[in-house]
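Here is the structure we will look at.
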Amino acid sequence: MAPSLVWFRSDLRIHDNTALTAAARRGPVVAVFLRSTAQWRAHGHGANKLDFWRRGVAALSESLAELNIPLLHRDAETFATVPETLLAVAREVGADALHFNREYPLDEARRDARVIEAFTAAGLAATGHHDAVAFAPGELLTGKGDVYGVFTPFARAWHRQVTAERLALRDTPGPQAPLTIRAEPLPELPPLEDTPVDSRQWPAGEGPAADRLERFLRFRGRHYADQRDYPAIRGTSELSPYLALGMLSHRQCLQAVLAGNGGALADGDAGLTAWVGELIWREFYQHVAAGFPRVCRHRAFQAHTEALPWRDDEPGFRAWCEGRTGYPIVDAAMRQLVATGWMHNRLRMVTAMFLAKHLLIDWRRGEAFFLRHLVDGEFAANNGGWQWAASTGTDAAPYFRIFNPTTQSQRFDPEGRFLAEWLPELAGLPARARHAPGRDLLPRLDYPAPIVEHKAARARALAAFKGLSPER
DNA sequence: AGTTGCTTGTG
DNA sequence: ACAAGCAAC
(Lines give C-alpha, C1' and ligand atoms only; values in the text may rest on other atoms or scores of the structure.)
Protein backbone atom coordinates (compact mmCIF):
# COMPACT_ATOMS: atom_id res chain seq x y z
CA MET A 1 0.00 0.00 0.00
CA ALA A 2 1.24 3.49 -0.88
CA PRO A 3 2.31 5.48 2.17
CA SER A 4 0.81 8.77 3.28
CA LEU A 5 3.03 11.77 3.73
CA VAL A 6 2.64 13.73 6.97
CA TRP A 7 4.02 17.23 6.74
CA PHE A 8 5.04 18.56 10.16
CA ARG A 9 5.22 22.30 10.82
CA SER A 10 4.23 23.75 14.19
CA ASP A 11 2.84 20.48 15.49
CA LEU A 12 6.04 18.75 16.59
CA ARG A 13 4.53 15.83 18.45
CA ILE A 14 3.33 12.28 17.87
CA HIS A 15 0.69 12.34 20.61
CA ASP A 16 -2.69 13.89 19.98
CA ASN A 17 -1.74 14.93 16.47
CA THR A 18 -4.79 15.01 14.20
CA ALA A 19 -2.94 14.74 10.90
CA LEU A 20 -0.62 11.98 12.06
CA THR A 21 -3.48 9.99 13.56
CA ALA A 22 -5.54 10.28 10.38
CA ALA A 23 -2.65 9.23 8.17
CA ALA A 24 -1.57 6.33 10.35
CA ARG A 25 -5.11 4.97 10.50
CA ARG A 26 -4.98 4.62 6.74
CA GLY A 27 -1.63 2.87 6.39
CA PRO A 28 2.10 3.45 6.34
CA VAL A 29 3.41 6.95 7.03
CA VAL A 30 6.44 8.93 5.89
CA ALA A 31 7.05 12.26 7.62
CA VAL A 32 8.61 15.39 6.16
CA PHE A 33 9.76 18.72 7.56
CA LEU A 34 10.56 21.68 5.33
CA ARG A 35 13.16 24.27 6.21
CA SER A 36 11.97 27.63 4.87
CA THR A 37 14.88 29.79 5.91
CA ALA A 38 14.17 32.81 3.75
CA GLN A 39 10.49 32.78 4.68
CA TRP A 40 11.22 32.47 8.38
CA ARG A 41 13.63 35.35 8.08
CA ALA A 42 11.06 37.44 6.23
CA HIS A 43 8.58 36.67 8.98
CA GLY A 44 11.10 37.89 11.53
CA HIS A 45 11.60 34.76 13.61
CA GLY A 46 14.72 35.09 15.73
CA ALA A 47 17.50 32.83 16.85
CA ASN A 48 15.73 31.61 20.00
CA LYS A 49 12.66 30.41 18.17
CA LEU A 50 14.63 28.85 15.30
CA ASP A 51 16.98 27.06 17.67
CA PHE A 52 14.06 25.77 19.72
CA TRP A 53 12.34 24.74 16.50
CA ARG A 54 15.37 22.79 15.32
CA ARG A 55 15.75 21.02 18.65
CA GLY A 56 12.03 20.24 18.57
CA VAL A 57 12.35 18.69 15.12
CA ALA A 58 15.26 16.59 16.38
CA ALA A 59 13.12 15.35 19.26
CA LEU A 60 10.25 14.66 16.89
CA SER A 61 12.54 12.65 14.64
CA GLU A 62 13.44 10.41 17.57
CA SER A 63 9.81 9.94 18.60
CA LEU A 64 8.89 9.10 15.01
CA ALA A 65 11.76 6.63 14.80
CA GLU A 66 10.17 4.63 17.59
CA LEU A 67 7.08 4.36 15.41
CA ASN A 68 9.29 3.35 12.45
CA ILE A 69 8.21 6.56 10.71
CA PRO A 70 11.14 8.10 8.84
CA LEU A 71 11.40 11.91 8.96
CA LEU A 72 12.73 13.50 5.77
CA HIS A 73 14.14 17.02 5.54
CA ARG A 74 13.92 19.32 2.56
CA ASP A 75 14.61 22.96 1.90
CA ALA A 76 11.83 25.15 0.55
CA GLU A 77 13.36 28.59 0.95
CA THR A 78 10.10 30.46 0.58
CA PHE A 79 6.52 29.28 0.90
CA ALA A 80 6.14 29.69 -2.88
CA THR A 81 8.37 26.66 -3.44
CA VAL A 82 6.56 24.45 -0.93
CA PRO A 83 4.02 22.80 -3.28
CA GLU A 84 6.64 21.61 -5.79
CA THR A 85 8.95 20.49 -2.98
CA LEU A 86 6.24 18.43 -1.31
CA LEU A 87 5.10 16.96 -4.63
CA ALA A 88 8.66 15.89 -5.33
CA VAL A 89 8.85 14.18 -1.94
CA ALA A 90 5.51 12.46 -2.53
CA ARG A 91 6.71 11.09 -5.87
CA GLU A 92 10.03 10.06 -4.42
CA VAL A 93 8.46 7.95 -1.66
CA GLY A 94 5.48 6.86 -3.72
CA ALA A 95 2.96 8.56 -1.42
CA ASP A 96 -0.56 9.03 -2.69
CA ALA A 97 -1.85 11.26 0.10
CA LEU A 98 -0.68 14.20 2.19
CA HIS A 99 -1.86 15.11 5.67
CA PHE A 100 -1.00 18.20 7.69
CA ASN A 101 -2.46 20.35 10.45
CA ARG A 102 -3.57 23.77 9.32
CA GLU A 103 -1.95 27.05 10.26
CA TYR A 104 -4.13 30.14 10.11
CA PRO A 105 -2.09 33.30 9.52
CA LEU A 106 -2.39 34.54 5.93
CA ASP A 107 0.90 33.42 4.38
CA GLU A 108 0.63 29.98 5.95
CA ALA A 109 -3.01 29.57 4.97
CA ARG A 110 -2.22 30.54 1.38
CA ARG A 111 0.73 28.20 1.25
CA ASP A 112 -1.52 25.40 2.50
CA ALA A 113 -4.21 26.20 -0.04
CA ARG A 114 -1.65 26.07 -2.86
CA VAL A 115 -0.34 22.76 -1.63
CA ILE A 116 -3.83 21.29 -1.70
CA GLU A 117 -4.39 22.68 -5.21
CA ALA A 118 -1.09 21.25 -6.44
CA PHE A 119 -1.75 17.83 -4.98
CA THR A 120 -5.29 17.76 -6.30
CA ALA A 121 -4.07 18.75 -9.75
CA ALA A 122 -1.53 15.94 -9.59
CA GLY A 123 -4.23 13.44 -8.69
CA LEU A 124 -3.04 13.03 -5.12
CA ALA A 125 -5.12 13.48 -1.99
CA ALA A 126 -4.24 16.29 0.42
CA THR A 127 -6.00 17.01 3.69
CA GLY A 128 -5.49 20.00 5.95
CA HIS A 129 -6.77 19.09 9.41
CA HIS A 130 -7.95 21.49 12.07
CA ASP A 131 -5.84 20.62 15.05
CA ALA A 132 -4.50 23.62 16.94
CA VAL A 133 -7.96 24.92 17.87
CA ALA A 134 -11.16 23.46 19.27
CA PHE A 135 -13.16 25.41 16.69
CA ALA A 136 -11.88 26.03 13.19
CA PRO A 137 -11.90 29.69 12.26
CA GLY A 138 -15.38 30.38 10.94
CA GLU A 139 -17.00 27.75 13.14
CA LEU A 140 -17.58 30.14 16.02
CA LEU A 141 -19.44 33.24 14.87
CA THR A 142 -21.47 35.99 16.48
CA GLY A 143 -25.26 35.98 16.28
CA LYS A 144 -24.92 38.18 13.19
CA GLY A 145 -22.62 35.66 11.56
CA ASP A 146 -19.45 37.72 12.02
CA VAL A 147 -16.05 36.60 13.21
CA TYR A 148 -15.68 37.66 16.83
CA GLY A 149 -13.68 40.82 17.35
CA VAL A 150 -14.11 40.88 21.13
CA PHE A 151 -12.73 38.26 23.44
CA THR A 152 -15.38 37.96 26.15
CA PRO A 153 -18.30 36.95 23.91
CA PHE A 154 -15.92 34.68 21.97
CA ALA A 155 -14.97 32.89 25.19
CA ARG A 156 -18.62 32.61 26.22
CA ALA A 157 -19.53 31.04 22.90
CA TRP A 158 -16.50 28.75 23.12
CA HIS A 159 -17.59 27.45 26.51
CA ARG A 160 -21.20 27.12 25.41
CA GLN A 161 -20.45 25.16 22.27
CA VAL A 162 -17.42 23.11 23.18
CA THR A 163 -18.04 19.37 23.40
CA ALA A 164 -16.15 16.41 24.79
CA GLU A 165 -15.59 15.21 21.25
CA ARG A 166 -13.82 18.42 20.22
CA LEU A 167 -11.40 18.06 23.11
CA ALA A 168 -10.90 14.30 22.84
CA LEU A 169 -7.27 13.30 22.46
CA ARG A 170 -6.39 11.76 19.10
CA ASP A 171 -5.03 8.24 19.28
CA THR A 172 -1.28 7.90 19.26
CA PRO A 173 -0.29 5.54 16.46
CA GLY A 174 1.51 2.33 17.33
CA PRO A 175 4.77 1.37 15.60
CA GLN A 176 4.32 0.55 11.93
CA ALA A 177 6.20 -2.14 10.03
CA PRO A 178 9.62 -0.72 9.14
CA LEU A 179 9.87 0.89 5.72
CA THR A 180 12.81 0.80 3.36
CA ILE A 181 12.84 4.62 3.40
CA ARG A 182 15.40 5.89 5.91
CA ALA A 183 15.17 8.90 8.18
CA GLU A 184 17.47 11.74 7.18
CA PRO A 185 19.89 13.69 9.35
CA LEU A 186 18.72 17.02 10.71
CA PRO A 187 20.01 19.94 8.65
CA GLU A 188 21.93 22.74 10.33
CA LEU A 189 20.36 25.97 11.42
CA PRO A 190 20.78 28.81 8.97
CA PRO A 191 23.23 31.52 10.06
CA LEU A 192 21.53 33.53 12.80
CA GLU A 193 21.66 37.20 13.64
CA ASP A 194 21.81 36.54 17.37
CA THR A 195 23.18 33.77 19.54
CA PRO A 196 20.37 31.61 20.95
CA VAL A 197 19.95 31.53 24.72
CA ASP A 198 21.26 28.50 26.60
CA SER A 199 19.25 25.57 25.29
CA ARG A 200 18.91 24.06 28.77
CA GLN A 201 16.48 26.86 29.56
CA TRP A 202 13.98 25.44 27.14
CA PRO A 203 14.48 21.71 26.63
CA ALA A 204 12.62 20.82 23.43
CA GLY A 205 10.21 18.02 22.67
CA GLU A 206 7.09 16.32 23.89
CA GLY A 207 8.74 14.81 26.95
CA PRO A 208 9.82 18.10 28.51
CA ALA A 209 6.50 19.67 27.47
CA ALA A 210 4.48 16.95 29.21
CA ASP A 211 6.69 17.19 32.31
CA ARG A 212 6.19 20.91 32.50
CA LEU A 213 2.44 20.64 32.06
CA GLU A 214 2.28 18.04 34.80
CA ARG A 215 4.41 20.08 37.19
CA PHE A 216 2.52 23.28 36.44
CA LEU A 217 -0.84 21.72 37.18
CA ARG A 218 0.38 19.81 40.21
CA PHE A 219 2.12 22.69 41.96
CA ARG A 220 1.03 26.00 40.49
CA GLY A 221 -2.24 25.58 38.58
CA ARG A 222 -4.42 26.11 41.63
CA HIS A 223 -2.57 29.32 42.47
CA TYR A 224 -2.60 30.56 38.90
CA ALA A 225 -5.32 33.16 39.37
CA ASP A 226 -3.58 34.64 42.42
CA GLN A 227 0.02 34.41 41.28
CA ARG A 228 0.16 34.77 37.53
CA ASP A 229 0.54 38.55 37.62
CA TYR A 230 3.66 38.61 39.77
CA PRO A 231 6.83 38.37 37.69
CA ALA A 232 8.99 37.53 40.70
CA ILE A 233 6.91 34.37 41.20
CA ARG A 234 6.91 31.49 38.73
CA GLY A 235 3.14 31.64 38.68
CA THR A 236 2.50 31.23 34.95
CA SER A 237 2.62 27.94 33.08
CA GLU A 238 5.72 28.79 31.00
CA LEU A 239 4.22 26.51 28.38
CA SER A 240 3.92 29.07 25.58
CA PRO A 241 7.01 27.85 23.67
CA TYR A 242 5.65 24.31 23.68
CA LEU A 243 2.19 25.37 22.57
CA ALA A 244 3.61 27.64 19.87
CA LEU A 245 5.49 24.78 18.19
CA GLY A 246 2.97 22.11 19.02
CA MET A 247 5.18 20.06 21.30
CA LEU A 248 2.06 20.23 23.45
CA SER A 249 -1.53 20.53 22.25
CA HIS A 250 -4.33 22.61 23.69
CA ARG A 251 -6.32 19.39 24.07
CA GLN A 252 -3.63 17.87 26.25
CA CYS A 253 -3.76 21.00 28.42
CA LEU A 254 -7.53 21.02 28.62
CA GLN A 255 -7.76 17.29 29.32
CA ALA A 256 -5.33 17.77 32.19
CA VAL A 257 -7.52 20.56 33.54
CA LEU A 258 -10.64 18.40 33.21
CA ALA A 259 -8.91 15.62 35.12
CA GLY A 260 -7.87 17.95 37.92
CA ASN A 261 -11.04 20.01 38.07
CA GLY A 262 -13.85 17.48 38.37
CA GLY A 263 -14.55 17.44 34.65
CA ALA A 264 -15.22 21.19 34.40
CA LEU A 265 -13.53 23.95 32.40
CA ALA A 266 -15.68 26.99 33.18
CA ASP A 267 -16.19 26.51 36.90
CA GLY A 268 -14.49 24.82 39.78
CA ASP A 269 -10.95 25.75 40.78
CA ALA A 270 -10.39 29.46 40.15
CA GLY A 271 -6.76 28.96 39.16
CA LEU A 272 -7.48 26.30 36.59
CA THR A 273 -10.43 28.13 35.07
CA ALA A 274 -8.34 31.29 34.77
CA TRP A 275 -5.74 29.30 32.88
CA VAL A 276 -8.38 27.86 30.55
CA GLY A 277 -9.24 31.47 29.74
CA GLU A 278 -5.65 32.07 28.66
CA LEU A 279 -5.78 29.04 26.36
CA ILE A 280 -8.95 30.47 24.83
CA TRP A 281 -7.12 33.77 24.23
CA ARG A 282 -4.65 31.82 22.08
CA GLU A 283 -7.52 30.37 20.05
CA PHE A 284 -9.25 33.76 19.81
CA TYR A 285 -6.20 35.31 18.19
CA GLN A 286 -5.98 32.43 15.69
CA HIS A 287 -9.56 33.22 14.70
CA VAL A 288 -8.71 36.91 14.44
CA ALA A 289 -5.70 36.22 12.18
CA ALA A 290 -7.82 33.98 9.93
CA GLY A 291 -10.95 36.14 9.95
CA PHE A 292 -9.28 39.54 9.57
CA PRO A 293 -6.29 38.81 7.31
CA ARG A 294 -5.38 42.51 7.21
CA VAL A 295 -3.75 42.06 10.60
CA CYS A 296 -1.35 39.63 8.88
CA ARG A 297 -0.34 42.40 6.46
CA HIS A 298 0.88 44.77 9.12
CA ARG A 299 -2.44 46.57 9.29
CA ALA A 300 -4.25 47.67 12.41
CA PHE A 301 -7.38 45.73 13.31
CA GLN A 302 -9.11 49.09 13.89
CA ALA A 303 -8.60 50.75 10.53
CA HIS A 304 -8.99 54.30 11.80
CA THR A 305 -5.96 53.91 14.07
CA GLU A 306 -3.75 53.73 10.96
CA ALA A 307 -3.79 57.54 11.11
CA LEU A 308 -1.96 57.67 14.46
CA PRO A 309 1.08 59.94 14.31
CA TRP A 310 3.68 57.44 15.46
CA ARG A 311 6.90 59.11 16.45
CA ASP A 312 10.18 58.52 14.69
CA ASP A 313 12.41 58.14 17.76
CA GLU A 314 15.42 55.93 17.20
CA PRO A 315 17.13 56.72 20.51
CA GLY A 316 13.87 56.03 22.34
CA PHE A 317 13.42 52.74 20.53
CA ARG A 318 17.01 51.70 21.26
CA ALA A 319 16.59 52.59 24.93
CA TRP A 320 13.45 50.45 25.07
CA CYS A 321 15.15 47.51 23.32
CA GLU A 322 18.17 47.68 25.56
CA GLY A 323 16.35 48.19 28.83
CA ARG A 324 17.47 51.72 29.65
CA THR A 325 14.29 53.78 29.62
CA GLY A 326 14.75 54.80 33.22
CA TYR A 327 11.55 52.97 34.18
CA PRO A 328 12.86 50.02 36.19
CA ILE A 329 9.96 47.66 35.52
CA VAL A 330 10.22 48.25 31.76
CA ASP A 331 14.00 47.88 31.77
CA ALA A 332 14.00 44.75 33.93
CA ALA A 333 11.43 43.15 31.64
CA MET A 334 13.30 43.99 28.45
CA ARG A 335 16.50 42.58 29.91
CA GLN A 336 14.63 39.42 30.86
CA LEU A 337 13.41 39.11 27.27
CA VAL A 338 16.82 39.55 25.69
CA ALA A 339 18.58 37.31 28.21
CA THR A 340 16.09 34.44 28.33
CA GLY A 341 13.94 34.63 25.18
CA TRP A 342 10.87 34.89 27.35
CA MET A 343 9.02 37.61 29.22
CA HIS A 344 6.35 37.37 31.88
CA ASN A 345 2.87 38.03 30.51
CA ARG A 346 2.15 40.99 32.77
CA LEU A 347 5.38 42.60 31.64
CA ARG A 348 4.62 42.03 27.97
CA MET A 349 1.61 44.27 28.50
CA VAL A 350 3.61 46.84 30.48
CA THR A 351 6.53 47.07 28.03
CA ALA A 352 4.31 47.02 24.95
CA MET A 353 2.13 49.77 26.31
CA PHE A 354 5.17 51.81 27.24
CA LEU A 355 6.51 51.67 23.68
CA ALA A 356 3.16 52.38 22.06
CA LYS A 357 1.79 54.94 24.51
CA HIS A 358 4.63 56.58 26.41
CA LEU A 359 7.06 56.66 23.51
CA LEU A 360 4.29 56.73 20.87
CA ILE A 361 6.46 54.48 18.70
CA ASP A 362 4.73 52.29 16.12
CA TRP A 363 3.64 49.03 17.80
CA ARG A 364 4.86 47.12 14.73
CA ARG A 365 8.45 47.86 15.70
CA GLY A 366 7.86 46.35 19.11
CA GLU A 367 6.01 43.41 17.62
CA ALA A 368 9.02 42.66 15.42
CA PHE A 369 11.46 43.02 18.30
CA PHE A 370 9.45 40.59 20.42
CA LEU A 371 9.28 38.06 17.58
CA ARG A 372 13.02 38.32 17.08
CA HIS A 373 13.70 37.45 20.71
CA LEU A 374 10.81 35.32 21.96
CA VAL A 375 11.32 31.59 22.07
CA ASP A 376 7.50 31.35 21.99
CA GLY A 377 7.19 33.90 19.18
CA GLU A 378 4.05 33.15 17.23
CA PHE A 379 2.35 35.58 14.88
CA ALA A 380 -1.26 35.54 16.03
CA ALA A 381 -0.73 35.82 19.79
CA ASN A 382 2.12 38.31 19.41
CA ASN A 383 0.24 40.52 16.99
CA GLY A 384 -2.96 40.28 19.02
CA GLY A 385 -1.17 41.22 22.21
CA TRP A 386 0.62 44.14 20.62
CA GLN A 387 -2.50 45.52 19.02
CA TRP A 388 -4.29 45.18 22.34
CA ALA A 389 -1.55 47.16 24.07
CA ALA A 390 -1.49 49.79 21.34
CA SER A 391 -5.30 50.10 21.35
CA THR A 392 -5.38 49.41 17.61
CA GLY A 393 -6.71 45.90 18.03
CA THR A 394 -9.62 43.74 19.04
CA ASP A 395 -11.48 43.78 22.28
CA ALA A 396 -12.28 47.47 22.02
CA ALA A 397 -9.25 48.31 24.13
CA PRO A 398 -10.05 51.86 25.18
CA TYR A 399 -7.42 54.23 23.90
CA PHE A 400 -7.20 55.82 27.33
CA ARG A 401 -6.00 52.59 28.92
CA ILE A 402 -2.43 53.55 29.70
CA PHE A 403 -0.51 51.70 32.36
CA ASN A 404 1.43 53.77 34.81
CA PRO A 405 4.67 51.74 34.81
CA THR A 406 5.51 52.77 38.35
CA THR A 407 2.08 51.82 39.67
CA GLN A 408 2.26 48.49 37.83
CA SER A 409 5.67 47.90 39.36
CA GLN A 410 4.48 48.68 42.87
CA ARG A 411 1.38 46.56 42.46
CA PHE A 412 2.89 43.50 40.83
CA ASP A 413 6.42 43.47 42.21
CA PRO A 414 5.73 44.97 45.64
CA GLU A 415 8.95 43.74 47.17
CA GLY A 416 11.04 44.80 44.19
CA ARG A 417 12.39 41.28 43.82
CA PHE A 418 12.00 41.07 40.08
CA LEU A 419 13.60 44.51 39.74
CA ALA A 420 16.57 43.47 41.87
CA GLU A 421 17.03 40.29 39.86
CA TRP A 422 17.31 42.04 36.50
CA LEU A 423 18.68 45.43 37.55
CA PRO A 424 21.53 44.64 39.93
CA GLU A 425 22.39 48.34 39.94
CA LEU A 426 19.17 48.94 41.88
CA ALA A 427 19.39 45.90 44.15
CA GLY A 428 21.10 47.89 46.88
CA LEU A 429 18.19 50.28 47.22
CA PRO A 430 15.37 49.65 49.69
CA ALA A 431 12.60 47.72 47.89
CA ARG A 432 10.25 50.69 47.79
CA ALA A 433 12.82 52.94 46.17
CA ARG A 434 13.53 50.54 43.32
CA HIS A 435 10.27 51.29 41.51
CA ALA A 436 11.27 54.88 40.75
CA PRO A 437 14.73 55.79 42.00
CA GLY A 438 14.98 59.51 42.73
CA ARG A 439 17.11 61.69 40.51
CA ASP A 440 19.49 62.37 43.38
CA LEU A 441 20.40 58.67 43.49
CA LEU A 442 20.88 58.10 39.77
CA PRO A 443 24.47 59.24 39.18
CA ARG A 444 25.90 56.91 41.78
CA LEU A 445 23.62 54.04 40.65
CA ASP A 446 24.68 54.09 37.01
CA TYR A 447 21.02 53.98 36.06
CA PRO A 448 19.39 56.37 33.57
CA ALA A 449 16.83 59.02 34.37
CA PRO A 450 13.36 58.38 32.85
CA ILE A 451 13.52 59.12 29.12
CA VAL A 452 9.95 60.45 29.24
CA GLU A 453 7.95 61.91 32.05
CA HIS A 454 4.89 59.77 32.70
CA LYS A 455 2.28 62.47 33.03
CA ALA A 456 3.38 64.34 29.92
CA ALA A 457 3.75 61.13 27.89
CA ARG A 458 0.29 60.03 28.96
CA ALA A 459 -1.18 63.36 27.90
CA ARG A 460 0.63 63.13 24.56
CA ALA A 461 -0.76 59.64 23.88
CA LEU A 462 -4.27 60.70 24.84
CA ALA A 463 -4.03 63.68 22.51
CA ALA A 464 -2.76 61.50 19.65
CA PHE A 465 -5.69 59.12 20.02
CA LYS A 466 -8.18 61.90 20.47
CA GLY A 467 -7.19 63.25 17.08
CA LEU A 468 -8.56 60.10 15.40
CA SER A 469 -11.99 60.36 13.82
CA PRO A 470 -14.37 57.53 14.82
CA GLU A 471 -13.19 57.68 18.39
CA ARG A 472 -15.02 61.05 18.62
C1' DA B 1 -6.51 43.27 30.74
C1' DG B 2 -6.29 50.97 33.64
C1' DT B 3 -5.36 55.68 35.71
C1' DT B 4 -6.42 60.08 37.44
C1' DG B 5 -8.60 63.54 39.91
C1' DC B 6 -12.21 64.92 42.59
C1' DT B 7 -15.65 64.26 46.31
C1' DT B 8 -17.05 62.53 50.52
C1' DG B 9 -16.42 60.31 54.85
C1' DT B 10 -13.44 59.25 58.82
C1' DG B 11 -9.85 60.09 62.35
C1' DA C 1 -3.96 62.79 56.25
C1' DC C 2 -6.04 58.97 54.06
C1' DA C 3 -9.41 55.56 52.27
C1' DA C 4 -13.37 54.61 49.42
C1' DG C 5 -16.41 55.73 45.66
C1' DC C 6 -17.07 57.54 41.19
C1' DA C 7 -16.78 59.90 36.66
C1' DA C 8 -13.94 60.96 32.95
C1' DC C 9 -10.19 60.20 30.20
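All figures in this text were calculated on a predicted structure; none of them were measured in a lab. Computed over heavy atoms, backbone and side chain alike; hydrogens, waters and symmetry mates excluded. Each chain gets a letter, A, B and so on, in the order the sequences are listed, and its residues count up from 1.
Looking at residues two or more places apart in sequence or on another chain, you find a side-chain contact (heavy atoms from CB on, under 4.5 Å) between A/Ser237 and A/Phe216, A/Leu239, A/Trp275. With sequence neighbours left out, A/Thr152 forms a side-chain contact (heavy atoms from CB on, under 4.5 Å) with A/Arg156. Residues satisfying the side chain to side chain donor-acceptor pair (under 3.5 Å) criterion with A/Asp107, sequence neighbours excluded, are A/His43. Annotation: ring-ring contact (aromatic ring centres under 6.0 Å, His included) contacts of A/His130 (sequence neighbours excluded): A/Tyr104.
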Write down the protein N/O and nucleotide N/O pairs, taken from nucleotides 3-9 of chain C, whose separation is under 3.5 Å; answer none if there are no such pairs.
none

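Contacts between residues 226-242 of chain A and DNA chain C, counted as heavy-atom distances below 4.0 Å, involve no residue at all.
Looking at heavy-atom distances under 4.0 Å, A/Arg411 makes contact with sugar-phosphate atoms alone, never a base.
Residue pairs meeting the salt bridge (charged side-chain N to carboxylate O under 4.0 Å, His left out) criterion with at least one member in residues 420-434 of chain A, sequence neighbours excluded, are A/Arg335-A/Glu425. Applying the salt bridge (charged side-chain N to carboxylate O under 4.0 Å, His left out) definition to pairs two or more places apart or across chains, those involving residues 218-246 of chain A are A/Glu214-A/Arg218, A/Arg222-A/Asp269, A/Arg228-A/Glu278, A/Asp229-A/Arg346, A/Arg234-A/Glu238. Applying the salt bridge (charged side-chain N to carboxylate O under 4.0 Å, His left out) rule to pairs touching residues 303-312 of chain A yields A/Arg299-A/Glu306, A/Glu306-A/Arg364, A/Arg311-A/Asp313, sequence neighbours excluded.
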What side-chain donor-acceptor pairs closer than 3.5 Å can you find for residues 284-291 of chain A, not counting sequence neighbours?
from	atom 1	to	atom 2	distance (Å)
A/Tyr285	OH	A/Gly384	O	3.3
A/Gln286	NE2	A/Glu378	OE2	3.0
A/His287	NE2	A/Phe135	O	2.7

Could you list the donor-acceptor pairs under 3.5 angstrom formed between side-chain atoms of residues 436-449 of chain A and any protein atom two or more places apart in sequence or on another chain?
from	atom 1	to	atom 2	distance (Å)
A/Tyr447	OH	A/Tyr327	N	3.4
A/Tyr447	OH	A/Asp331	OD2	2.5

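First and last contacting nucleotides of DNA chain B toward chain A (any atom under 4.0 angstrom from a heavy atom, 5' to 3' order): B/dA1 to B/dG5.
Counting only N and O atoms by type, the side chains of A/Ser409 and A/His435 include a donor and acceptor under 3.5 Å apart.
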